[in-house]
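What follows is one structure encoded as structure tokens, with my remarks underneath.
Chain letters run A, B, ... following the sequence lines, proteins first and then strands; every chain starts at 1.
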Amino acid sequence: MPHCRQFEMKREARDEQLERMQHSAAHVMAEAVQHLFPEAKFGIGPTIENGFYYDFELPRPLTPDDLPVIEDKMGEFILRDASFVTEQMSKKRARELFADQPYKLELLEEIPEADVTIYKHGSFWDLCRGPHLNSTGELRAVKLTRIAGAYWRGDEKRPMLQRIYGVAFESEEQLGEYLQRQAEAAKRDHRKLGKDLDLFSTHEEIGPGLICWHPRGALVRRIIEDYWKDEHDKRGYDIIYTPHIAKLDLWKTSGHWEFYRESLYPPMEIEGQHYMLRPMNCLGHILIYKSRLRSYRDLPIRYAELGTVYRYERTGVLYGMARVRGFTQDDAHIFCRPDQVEDELLEVVRLAQFMMSSFGFEEYEVFLSTRPERYAGTAAMWEEATESLRHVLDRLALDYEEDPGEGVFYGPKIDVKLRDALGHEWQGPTIQVDFNLPQRFHFCYIGEDGSEHSVTMIHRTVLGAMERFVACLTEHYGGAFPVWLAPVQAVIIPIADRHADYAHGVEADLRSEGVRAIVDDRSERMNLKIREAQLEKVPYMLIVGDKEVASASASLRARSNEDLGPEAVAAIKSRIKTAIESRS
RNA sequence: GCCAGCGUAGCUCAGGGGUAGAGCAGCGGUUUCGUAAACCGCCGGUCGUCGGUUCGAUUCCGACCGCUGGCUCCA
């Protein structure tokens with residue numbers, strides 16, 4: 001592969017043989033493309049987490065129909081079993097070899113060493129560091145998975161090349177398993193489950209990236225929000241509400257207008273004043289802080305809001321509920337004295353951890369983002385705050401990765417990232433120190449000495465945004481929400497119409513104890529009702545027929561497909577209540 | 001925003017230059033059933049929108065809207 005770019009992402013140690021295969025498959029794919037399109041120009045072709053890709057400039061756009069043709073060609077080359085041979089040569093020599101390959105020439109210029117290596121097999125050669133298989137015949141199971149456009153060197157100002165993605169495995173069985181896993185992951189896709197489980201929708205008439213929460217999705221959200229509010233009450237937060245629009249001048253003062261204009265919805269004019277839909281919640285919180293003088297004794301002040309914000313996102317980036325244009329952040333702003341910063345940060349990270357574990361996320365990645373090129377405040381302030389963040393992470397013995405220069409312009413931050421079913425990484429909780437807004441809005445507190453002191457401001461979410469969080473949660477559980485979050489916790493299934501009254505009695509009994517139970521009293525067969533409840537992933541099914549009516553019981557079935565047999569209604573009730581209380 | 005693909009009934013999908021079809025859902029009946037789909041009948045669509053080519057367009061072409069896979073971006 002062209003300069004064998006190592007993927008910078010942290011990756012588990014991979015089977016080296018597999019890596020060689022994927023690497024070699026990329027070369028064979030490039031060879032096939034070269035045969036089919038002699039005028040092809042080659043970009044780069046690295047291995048990635050689950051396979052490989054190669055970028056090409058071609059005389060015509062590729063369509064999905066081209067993939068099998070390329071695969072067939074690759075099959076021929078694999079059969080020929082050409083050896084991979086490496087050769088070291090001077091850059092001068094390489095430039096001659098790649099004289100008609102502008103992208104390769106560009107790559108060559110960036111290699112500092114005097115000599116480079118190329119790998120050859122058959123009639124194909126490529127600038128590459130290796131390693132490779134011994135010969136193409138060692139390739140066992142290769143499949144091209146998709147085509148895509150990709151900017152040369154990831155720069156949207158440069159030409160868009162055509163990228164072909166593929167996977168390679170050591171056997172057909174492994175390839176089959178991989179495809180099977182992909183199919184299973186697709187079933188967890190929140191966009192599919194959102195429709196199947198009737199959780200949310202978007203509408204062309206409303207606009208892309210704007211979510212309508214259906215009753216069941218809204219219920220899941222409400223349970224999360226209620227839990228969130230309770231936990232914030234316990235931790236000394238004050239829950240507030242602030243407006244969704246504000247005068248443009250406010251956003252000019254904050255710097256948002258200047259820094260994020262591209263992501264803002266344009267202002268609207270009302271009574272000769274320009275107003276703007278908010279992209280963030282912080283300004284209302286600041287104005288509440290500033291509504292009176294604050295004493296050092298008042299701090300820290302923690303204002304929390306489930307605040308809906310609107311940001312313009314390019315259409316191509318929108319993704320189900322995970323990347324949208326209107327979303328509700330579980331936001332809070334902490335105003336504190338410099339000596340309180342570290343403890344506050346510590347408590348916020350703990351809260352984020354607590355929230356993640358409450359919702360079953362045991363695996364997530366933590367990133368510390370440091371000072372970018374353009375920044376507010378002073379280098380010393382950044383250093384101090386970054387050190388506090390680092391210290392907090394160390395005190396909690398959290399594994400984290402540093403993202404140098406990836407901080408927001410106004411301060412360093414800690415991000416927690418979750419993965420969805422398809423492997424995408426999404427930012428969940430984020431904790432940011434802000435040096436910008438305190439300056440711009442001059443807020444302060446009165447110290448023991450009676451004079452004004454500057455306040456440190458922390459922005460934070462512990463879930464991220466409700467839309468994205470529910471999307472990740474749905475995928476995490478594959479739609480089978482734990483009992484405490486399940487929109488419907490129990491379906492009571494009468495076997496025949498004559499059992500309906502009893503079923504409704506059981507329903508009322510469960511509901512009186514806060515269990516979300518419904519009776520499926522349609523004139524349908526029990527089998528159908530069970531099937532549908534299973535598909536809806538309802539945790540408990542209570543089947544009631546003659547025997548149950550006679551014994552004040554119900555025959556219990558769990559969505560795990562277990563028939564738990566007959567059980568007294570009182571026992572079922574306490575079983576479900578225990579599950580709810582343990583949040584399992 | 002960019003590259004490619006897609007858009008047919010509420011959902012999943014078939015079809016294809018002569019104005020459309022299945023299953024499920026819905027509605028009306030029949031059935032009253034013991035752990036993942038009972039049976040019969042009916043209703044249902046300007047084939048995403050607008051424009052063009054054509055005697056004729058849902059089908060071909062273009063633009064737009066939306067969705068999908070990537071790229072770029074992501075406070």
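Nucleic acid contact class of V317(A) (heavy atoms, under 4.0 Å, all strands): base. Residue Q432(A) is classed as a sugar-phosphate contact, given heavy-atom separations below 4.0 Å to backbone atoms only. Base contact: A148(A) has a heavy atom under 4.0 Å from a base atom. Nucleic acid contact for F259(A): none, since no nucleic acid atom lies under 4.0 Å from a heavy atom of the residue. As judged by a 4.0 angstrom heavy-atom cut-off over every strand, E548(A) is placed among the base-contacting residues.
Side chain Y151(A) to base rG1(B): a donor-acceptor pair is found below 3.5 Å.
Between E524(A) and R531(A) there is no salt bridge, since no side-chain nitrogen of the basic residue lies less than 4.0 Å from a carboxylate oxygen of the acidic one. With respect to E305(A) and R278(A), a salt bridge is recorded, a charged nitrogen being found less than 4.0 Å from a carboxylate O. Using a cut-off of 4.0 Å between Lys/Arg side-chain N and Asp/Glu carboxylate O, D249(A) and K247(A) are scored as not salt-bridged. Of the charged side-chain nitrogens involved, none lies within less than 4.0 Å of a carboxylate oxygen, so that R153(A) and D55(A) do not count as a salt-bridged pair.
Summarising the local packing, CG of D501(A) is surrounded by 12 or fewer heavy atoms from other residues, nucleotides or ligands at distances under 6.0 Å.
When the side-chain nitrogen and oxygen atoms of Y319(A) are compared with OP1 and OP2 of rC71(B), none of them lie within a distance under 4.0 Å. For K195(A) and rU12(B), the shortest distance from a side-chain N or O to OP1 or OP2 is below 4.0 Å. In this structure, R498(A) reaches the rC33(B) phosphate: one of its side-chain N or O atoms is under 4.0 Å from OP1 or OP2. In terms of phosphate contacts, R146(A) brings a side-chain nitrogen or oxygen within less than 4.0 Å of OP1 or OP2 of rG70(B). When the side-chain nitrogen and oxygen atoms of T315(A) are compared with OP1 and OP2 of rG1(B), one or more of them lie within a distance under 4.0 Å. In this structure, R525(A) reaches the rA38(B) phosphate: one of its side-chain N or O atoms is under 4.0 Å from OP1 or OP2. Applying the 4.0 Å criterion to OP1 and OP2 of rU68(B), one finds that R191(A) has a side-chain N or O inside that range.
Legend: side-chain hydrogen bond (donor to acceptor under 3.5 Å, both in side chains) pairs involving residues 534-551 of chain A, not counting sequence neighbours, sorted by first then second residue: R216(A)-E536(A), R498(A)-D546(A), H499(A)-D546(A), Q534(A)-R557(A), S551(A)-S553(A). Pairs of residues two or more places apart, or lying in two chains, that qualify as salt bridge (Lys or Arg N to Asp or Glu O under 4.0 Å) and include a residue from residues 314-327 of chain A are E156(A)-R314(A), E313(A)-R323(A).
Applying the 5.5 angstrom centroid cut-off and the 30 degree plane-angle cut-off, the aromatic ring of Y260(A) is stacked upon the base of rA75(B).
Not counting sequence neighbours, the partners of A558(A) by the side chain to side chain contact (heavy atoms under 4.5 Å, CB included) test are S560(A), E562(A), L564(A). Residues satisfying the side chain to side chain contact (heavy atoms under 4.5 Å, CB included) criterion with P61(A), sequence neighbours excluded, are Q162(A).
Although no hydrogens or angles enter the test, the distance criterion places a donor-acceptor pair under 3.5 Å between the side chain of E467(A) and the main chain of T328(A).
The gap from the P atom of rG5(B) to that of rA20(B) amounts to 29 Å, rounded to the nearest Å.
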Where does RNA chain B pair, written as one dot-bracket string 5' to 3', with Watson-Crick or G-U pairs under 3.5 Å, ( ) inside the strand, [ ] for crossing pairs and | for another strand?
(((((((..((((....[..)))).(((((.......))))).....(((((..]....))))))))))))....

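Within residues 201-213 of chain A, the residues that place at least one heavy atom under 4.0 Å from RNA chain B are, in residue-number order, E204(A), P208(A).
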